[in-house]
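Worksheet: one structure, shown below.
Treat the numbers as computed from the prediction; the structure is a model and nothing was measured.
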Amino acid sequence: SAIYYASEAGVDQAKEHDGQFEWKEVNIQNGRRLHATDLDREGFQLIHHISNVQDYYPPPSDLRKQKNCREPSEIIHNDYTANSARKRLRDTLPQESFDKQRFAIVNLWRSIAGTVQTNPLAFIDSQSINVGNDIISVKRVAKDRIGEIQMSLYNSQHQWYYFPLLTAEEVLIFKTFDSDSAVNQFTLHTALGAVGDSSVPRESIEIRAFVFF
């Protein structure tokens with residue numbers, strides 16, 4: 001068993017996670033060489049998008065100086081289980097009923113400070129995952145809530161991809177839950193801590209959205 005402890009603020013407060021973890025060497029391919037990917041198949045997509053937002057840090061707080069942000073997670077994980085995704089939906093929209101409607105949770109991730117030089121995101125192609133054998137549910141402990149995420153067991157058949165030197169005009173989209181079991185439901189991902197120029201800290205923003213069909 002394992003417990004994932006969510007960080008509260010910045011790399012100086014990175015937390016250890018309970019559990020037995022093993023280091024494995026894997027081949028990570030350049031995702032830019034892939035043909036068009038699909039959220040319902042591989043689980044992730046790279047798109048081009050120019051944002052009109054000039055400053056993601058609202059005044060008067062200077063969040064950069066406060067380090068009020070989270071460190072990149074180097075644990076291979078998916079943000080939700082089937083149970084925690086449905087609970088998140090109920091908690092967010094308690095007055096609505098979606099019991100019979102298909103819904104998904106989609107993450108949008110982008111750089112907010114130029115080209116990503118370090119800690120790029122990496123994904124396992126969901127087609128190479130044996131959901132019944134490769135994924136385990138793990139308690140997620142945060143300051144204000146206890147939830148549940150998924151972690152990965154090692155499988156030599158996993159196909160890994162990352163997108164080097166992601167620019168501020170590129171967005172990674174990946175699906176962390178889908179109530180339809182006929183398509184990809186989960187996308188395992190992580191940050192690559194040993195890749196890139198560590199002298200240029202990564203600044204990024206992630207948005208999670210409910211999608212209804």
Are any of the side-chain heavy atoms of [X] and [Y] separated by less than 4.5 Å?
X    : Y    : value
Q101 : F213 : no
T92  : F210 : yes
T190 : Y162 : no
P164 : N30  : yes

Linking I/L/V/M/F/W/Y whenever their side-chain heavy atoms sit closer than 4.5 Å, directly or via other members, would [X] and [Y] fall into one cluster?
X    : Y    : result
I149 : I136 : yes
I207 : L93  : no
L121 : L39  : no
I124 : V131 : yes
I129 : V26  : yes

Do the side-chain N and O atoms of [X] and [Y] include a donor-acceptor pair separated by under 3.5 angstrom?
X    : Y    : value
E148 : S137 : no
D40  : N184 : no
Q159 : D125 : no
Q157 : N155 : no

Rounded to the nearest 0.5 Å, how far apart are [atom1] of [X] and [atom2] of [Y]?
X    : Y    : atom1 : atom2 : result
R102 : S181 : CZ    : OG    : 10.0 Å
D134 : L153 : CG    : CG    : 6.5 Å
Y80  : L89  : OH    : CG    : 10.0 Å
H158 : I76  : NE2   : CD1   : 8.5 Å
D38  : E42  : CG    : CD    : 6.5 Å
R86  : S179 : CZ    : OG    : 6.0 Å

Hey, does the side chain of [X] reach the backbone of [Y] with a donor-acceptor pair shorter than 3.5 angstrom?
X    : Y    : result
Q117 : P201 : no
S126 : F186 : yes
S84  : T81  : yes
R140 : I146 : no

Original post:
Would Q29 and N27 count as a side chain to side chain contact (heavy atoms under 4.5 Å, CB included) if you check the C-alpha gap in whole Å, the side-chain angles of each, and the deciding distance to 0.1 Å?
Top reply: CA-CA 6 Å; Q29 303 176 69; N27 179 43; 3.8 Å; yes

Original post:
Passes side chain to side chain contact (heavy atoms under 4.5 Å, CB included), R202 versus L166? Steps please.
Top reply: CA-CA 11 Å; R202 192 189 84 185; L166 201 75; over 6 Å; no

**OP:** Please step through salt bridge (Lys or Arg N to Asp or Glu O under 4.0 Å) for the pair K175 and D178, ending with a clear verdict.
**Re:** CA-CA 7 Å; K175 183 167 58 173; D178 196 318; 2.9 Å; yes

Subject >> Results of side chain to side chain contact (heavy atoms under 4.5 Å, CB included) for D79 - residues two or more places apart only >> reply: H77, N107, T176, H189, E206, R208

**OP:** Taking all heavy atoms of L188 and all of I135, pick out the closest pair and write down the distance.
**Re:**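 Closest approach of L188 to I135, heavy atoms only: CD1-CG1, 4.0 Å.
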
Original post:
Which heavy-atom pair separates H49 from R110 by the least distance, and what is that distance?
Top reply: O-NH2, 2.7 Å

**OP:** Please determine if R32 and E170 form a salt bridge, counting it only when a charged side-chain N lies under 4.0 Å from a carboxylate O.
**Re:** yes

**OP:** Please assess W109 against I205 for the test side chain to side chain contact (heavy atoms under 4.5 Å, CB included), listing each intermediate value before the final yes or no.
**Re:** CA-CA 6 Å; W109 188 98; I205 189 169; over 6 Å; no

Subject >> Partner residues of F123 under the ring pair (Phe, Tyr, Trp, His ring centres under 6.0 Å) criterion, sequence neighbours left out >> reply: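 F123 satisfies ring pair (Phe, Tyr, Trp, His ring centres under 6.0 Å) with F44, F174 only.
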
Subject >> Any residue meeting ring pair (Phe, Tyr, Trp, His ring centres under 6.0 Å) with F103, in chain and number order, not counting sequence neighbours >> reply: F177

Original post:
Out of L172, T37, V171, which residue meets the side-chain contact (heavy atoms from CB on, under 4.5 Å) rule with L46?
Top reply: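 The residue from L172, T37, V171 that satisfies side-chain contact (heavy atoms from CB on, under 4.5 Å) with L46 turns out to be L172.
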
**OP:** Starting from the C-alpha separation in whole Å, work towards a yes-or-no answer on side chain to side chain contact (heavy atoms under 4.5 Å, CB included) for I50 and H48.
**Re:** CA-CA 7 Å; I50 298 176; H48 182 267; 3.8 Å; yes

